[in-house]
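This report concerns only the one structure given below.
Position 1 is the first residue of the sequence; numbering continues from there. Values reported hereafter were calculated over all heavy atoms of this structure, with side chains retained and with hydrogens, waters and symmetry mates removed. As the structure is a prediction and not an experimental result, all values here were calculated from the model.
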Amino acid sequence: MGDFKIKEIKNYMMTGISYLIPVCIIGGMFFAISIGFGGEYVQDQGIVVANQFLANLQTIGSSGLFIMIPVVGAYIAYAIAGKPALAPAFVLCYMANIEVGATATKTGFLGALLLGLATGIMVSYLKKN
């Protein structure tokens, strides 16, 4: 950790992905279980879960799937600059994944990769000075 090295970009990305996988798996499993056991197709609404427990499980699952993008960016920054980079990268990647304002655009996974790298490089630079 500490100094950013161009040759190590693959390792930084793989660190972010390795922290992403458990979040993605548990979010996807909760979401799939709720749809599989309680989903019913309603004409104008799509698939709706009527059971309250399964609806709560679906909410937890969709939250897990949403938060996986900030997780990957934060842990890419963590791989580059250590713990000081976690919070700023998490906030930046979260903000990049929501719509703020009237003309906002979500950057998604690619935005998280770039913001994680940028935040990690900046924090690494700030730690040296």
Worked check of side chain to side chain contact (heavy atoms under 4.5 Å, CB included) between Glu8 and Ile80: CA-CA 9 Å; Glu8 297 290 318; Ile80 297 170; over 6 Å; no

Counting only pairs under 3.5 Å, give me each side-chain donor-acceptor contact of residues 58-74, with atom names and distances, residues two or more places apart or in other chains.
{"from": "Thr59", "atom 1": "OG1", "to": "Ala55", "atom 2": "O", "distance (Å)": "3.0"}
{"from": "Ser62", "atom 1": "OG", "to": "Gln58", "atom 2": "O", "distance (Å)": "3.2"}
{"from": "Ser62", "atom 1": "OG", "to": "Thr59", "atom 2": "O", "distance (Å)": "3.1"}
{"from": "Ser63", "atom 1": "OG", "to": "Thr59", "atom 2": "O", "distance (Å)": "2.9"}

Does one hydrophobic cluster hold both [X] and [Y], with members joined at side-chain heavy-atom distances below 4.5 Å?
X      : Y     : answer
Tyr75  : Ile25 : yes
Phe109 : Met14 : no
Leu115 : Ile9  : no

Calculate, to the nearest 0.5 Å, the distance between atoms [atom1] and [atom2] belonging to [X] and [Y] respectively.
X      : Y      : atom1 : atom2 : result
Leu57  : Met29  : CG    : CE    : 10.0 Å
Ile76  : Ile17  : CD1   : CD1   : 6.5 Å
Leu114 : Thr107 : CG    : OG1   : 8.0 Å

Would you please name every residue forming a side chain to side chain contact (heavy atoms under 4.5 Å, CB included) with [X], sequence neighbours left out?
X      : result
Thr15  : Tyr19, Ala79
Met122 : Leu126
Asn56  : Gln52
Thr119 : Ala77, Pro88, Ala89, Leu92, Val123

Side chain to side chain contact (heavy atoms under 4.5 Å, CB included) assessment of Ile26 paired with Phe30: CA-CA 6 Å; Ile26 198 69; Phe30 281 1; 3.9 Å; yes

For Leu54 against Phe37, the heavy-atom pair lying closest together: CD1-C, 3.8 Å

Contact list for residues 25-37, test side-chain hydrogen bond (donor to acceptor under 3.5 Å, both in side chains), sequence neighbours left out: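 Non-adjacent pairs meeting side-chain hydrogen bond (donor to acceptor under 3.5 Å, both in side chains): zero.
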
